[in-house]
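The structure appears right after this line, and notes come after that.
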Amino acid sequence: MNNLTFGRYSPYDTFVHRLDPRTKILMMILLMVAIFLQIPTWSTTLILSGLVLLFLVIVMITSKIKIKDFFKSLSAMWIMIILLIIVYVFIPNPNYNPAHIVFKIGTYGVNYDAFYQGGYIILRLVLMVMLTMILTSTTKPMDLTYALEWYMTPLKLVKFPIHIVAMTLSIALRFIPTLLDETNRIIKAQASRGVDYNTMNPIKKIGSLLSLIIPLFVSAINRSEELSNAMEARGYDPYGKRTRYRKLSFRWIDLIAFIVVLAIFGGILTLRIMVACGYNVDLIYWIFGAKPLF
Amino acid sequence: MPIKVNNLSYIYLPKTPNETKALNNVSLEIPNGQITAIVGHTGSGKSTLIQTFNQLIKPSSGFVNIDDKFVVESSKKKNKKIKDLRKYLSIVFQFPEYQLFEETVEKDVAYGLKNFGLKEPEAIIKAHEALKQVGINESFYLRSPFELSGGEKRRVAIAGIIVLDPQIIVLDEPTAGLDPEGSKTILDLILSLKKEGKTIILVTHDMNIVQSYCDNVVVLNKGELVFQGTPSELFSTDVSRFSIEIPPLYAFCQSLKQKGLNLDISKIQSIEDLMSQIKEKR
């Protein structure tokens with residue numbers, strides 16, 4: 001159960017930790033968009049994705065996220081990665097090209113474009129996981145909700161209950177570690193009664209999971225009731241106007257970080273626009289003067 | 001043979017900024033067939049210590065030897081006897097009522113036995129015996145455990161451990177949050193288990209329980225062993241440095257002794273003991 005700690009906030013004091021959460025969210029969105037901009041010729045895509053990957057690895061190292069933890073979190077994605085490869089290999093390719101066949105299964109030829117397509121999707125997923133991991137492990141959950149609340153302020157004009165949504169979010173985030181501790185406690189109590197959570201027998205596994213899930217739900221419901229009573233006892237009014245103890249502030253380090261990310265985003269966006277305008281975008285050709293591979 | 005804890009250390013979240021030493025080189029022995037209290041305030045490592053006893057957590061260094069039958073150590077090797085160990089030494093955690101989940105009380109108590117491979121009819125019969133032992137009325141057997149009161153739930157949860165017939169039972173604050181009557185039933189149950197020859201380890205904050213029920217006491221402070229001996233030995237030393245309060249009965253006997261009454265305080269566990277000693281003196 002220890003692999004559930006993926007993306008848990010780790011209290012270091014690094015450059016990335018000190019950034020304003022609002023900047024961090026905006027930067028994450030920009031980079032995600034940049035990752036998902038499709039640019040033809042796989043060599044160019046590979047170089048651009050590689051650059052983003054390199055940038056994210058540098059950010060991870062400077063914010064003291066262990067690369068080992070990142071691979072641990074990926075281990076949960078293995079099944080998805082294998083499924084994706086299978087889907088891409090066996091779904092008929094619209095740009096089927098007999099010259100690109102790697103191997104044949106019966107009369108069905110598998111193009112290597114399929115591997116490139118599947119690999120590209122997986123690379124994107126890995127980059128997304130990296131981005132979210134950087135955000136959540138360098139930002140306190142509370143700061144994240146404050147930032148989200150700030151981004152939602154325009155919705156006030158249409159009478160959207162921003163504060164209630166933000167409060168719900170922050171309570172949910174706040175209770176993740178509590179429920180994890182609770183899970184560990186129940187696991188230990190049931191293990192004392194001979195439950196084996198590592199069993200490979202599927203029927204036994206379902207039974208043992210029941211012995212975990214039911215007590216967990218019971219205690220979560222009890223907790224939520226206690227919490228709502230406690231909030232009401234302290235006069236909580238969801239529609240009340242309130243001030244905040246910690247104020248968020250943009251500083252010059254936010255500006256620097258934002259400019260760096262904007263440069264990456266802008267570069268990739270420019271290339272994409274050039275593609276849309278009909279230019280032949282091929283970095284290999286530009287740099288080495290070589291012919292496009294295909 | 002008793003439980004032997006040898007140079008036991010445990011570090012939570014090693015090599016992270018949240019690293020904490022929960023146990024630091026603890027060595028102690030817990031005798032058989034007696035009630036031993038483990039005392040210490042929050043964060044002193046009590047819970048960590050008892051969890052190493054049946055290998056719910058593995059120590060970072062050192063080992064625990066249980067009756068020369070089982071050894072819990074830091075090695076990464078899989079312990080094949082782990083199921084037998086958990087049947088031999090069972091832990092009742094704090095607020096055990098949170099571990100109830102089956103549809104009926106008897107099924108919940110029998111659940112542990114089924115995990116250890118016993119079939120349904122025998123398991124239910126044994127569950128009934130255990131429920132009788134903890135004083136749960138027969139009319140409750142087929143009801144949902146969630147309908148019971150707090151004290152009853154706790155007794156059902158304890159029955160779920162007793163039914164496994166462990167030789168050593170560890171209870172983490174079994175009386176926390178119960179009314180005086182509920183506490184008394186559970187403490188009497190513990191005494192009856194001791195009479196059956198079980199070894200009992202009791203984690204508690206309540207010095208009255210330590211004085212009245214326990215034969216030995218172990219004090220932990222910030223992950224280190226600071227005292228081991230009998231309750232009266234503990235109370236006769238300067239206990240304020242462990243932030244422990246002397247129980248009123250002991251303090252009363254002490255002031256009686258200071259006023260000139262010749263009492264053997266180490267033999268006084270209850271008001272009745274005190275009265276009989278006073279009667280003897282007359």
Side-chain angles (χ1 to χ4, degrees), chain A residues 1-2 4-6 8-14 17 63-66 68-69 72 137-138 140 177-201 203-223 226, chain B residues 13 15-18 47-48 50-57 78 82-103 107-118 123 144-146 150 153 157-164 166 168-172:
Chain A
M1 281 294 155
N2 289 330
L4 284 173
T5 48
F6 156 68
R8 237 192 198 186
Y9 176 70
S10 45
Y12 290 106
D13 184 28
T14 69
H17 280 77
S63 54
K64 293 192 184 168
I65 299 169
K66 282 200 205 93
K68 210 173 85 192
D69 286 349
K72 246 192 223 162
S137 53
T138 62
K140 286 189 196 112
T178 313
L179 286 179
L180 276 179
D181 289 345
E182 191 80 24
T183 314
N184 272 326
R185 228 170 53 99
I186 297 169
I187 284 179
K188 280 175 183 163
Q190 303 292 30
S192 290
R193 295 213 277 169
V195 182
D196 183 7
Y197 288 100
N198 298 324
T199 177
M200 283 299 160
N201 182 337
I203 296 167
K204 273 191 184 162
K205 188 138 197 164
I206 290 170
S208 62
L209 281 180
L210 265 185
S211 74
L212 171 63
I213 290 167
I214 296 175
L216 194 60
F217 266 88
V218 171
S219 92
I221 290 167
N222 283 342
R223 261 177 209 285
E226 277 165 22
Chain B
L13 300 166
K15 291 175 199 159
T16 68
N18 300 325
S47 299
T48 313
I50 60 169
Q51 283 174 33
T52 55
F53 287 174
N54 71 354
Q55 210 187 321
L56 289 169
I57 54 179
K78 247 197 167 175
I82 191 158
K83 261 200 152 171
D84 298 330
L85 166 62
R86 288 187 181 158
K87 203 168 177 305
Y88 191 82
L89 185 153
S90 287
I91 301 181
V92 179
F93 278 92
Q94 211 174 354
F95 302 112
E97 50 271 31
Y98 286 128
Q99 75 195 35
L100 303 174
F101 75 101
E102 282 276 15
E103 301 142 56
K107 265 194 183 173
D108 203 289
V109 174
Y111 179 70
L113 281 176
K114 281 195 247 163
N115 283 325
F116 288 111
L118 209 68
S144 158
F146 296 106
K153 270 189 200 167
I158 294 177
I161 295 291
I162 292 177
V163 76
L164 304 174
I168 304 164
I169 303 175
V170 185
L171 298 112
D172 191 351

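For clarity, every value in this text was computed on a predicted model and none was experimentally measured. Lettering of chains follows the sequences in order, A, B, ..., and the numbering in each one begins at 1.
- No more than 12 heavy atoms of other residues, nucleotides or ligands lie within 6.0 Å of CZ in F217(A), so this atom counts as exposed by the packing criterion.
- With a threshold of 4.5 angstrom between heavy atoms, Y98(B) approaches chain A through its backbone and through its side chain.
- A side chain to side chain contact (heavy atoms under 4.5 Å, CB included) with R193(A) is found for one member of I91(B), D108(B), V92(B), V109(B) and no other, namely D108(B).
- Annotation for F101(B) and L210(A): closest pair CD1-O, 4.0 Å, computed over non-hydrogen atoms.
- Atom NZ of K204(A) has 12 or fewer heavy atoms from other residues, nucleotides or ligands within 6.0 Å.
- By the 4.5 Å heavy-atom criterion applied to side chains, E97(B) and V218(A) are not counted as neighbours.
- With a threshold of 4.5 angstrom between heavy atoms, Q51(B) approaches chain A through side-chain atoms but not through N, CA, C or O.
- Under the rule for a side chain to side chain donor-acceptor pair (under 3.5 Å), the partners of Q55(B) that lie at least two apart in sequence or sit in another chain are N79(B).
- By the neighbour-count criterion of 12 heavy atoms within 6.0 Å, atom NZ of K114(B) is densely surrounded, having more than that number from other residues, nucleotides or ligands.
- Nearest heavy atoms, Y111(B) versus G207(A): OH-O, 3.9 Å.
- Of the atoms belonging to K83(B), it is side-chain heavy atoms, and not backbone ones, that fall under 4.5 Å from chain A.
- Looking at K66(A), only its side chain comes within 4.5 Å of chain B, counting heavy atoms on both sides.
- At a 4.5 Å heavy-atom cutoff, the contact between I57(B) and chain A is made by side-chain atoms alone.
- Proximity of I214(A) to F146(B): side-chain heavy atoms (C-beta onward) are separated by under 4.5 Å at one or more points.
- By the 4.5 Å heavy-atom criterion applied to side chains, N115(B) and Q190(A) are not counted as neighbours.
- Side-chain contact between R185(A) and F93(B) is absent, with no heavy atoms from C-beta onward closer than 4.5 Å.
- Across I161(B) and S192(A), no two heavy atoms sit closer than the pair CD1-O, 4.3 Å.
- Ion pairing of D196(A) with R86(B) is absent here, as no side-chain N (NZ or NE/NH1/NH2) approaches a carboxylate O to less than 4.0 Å.
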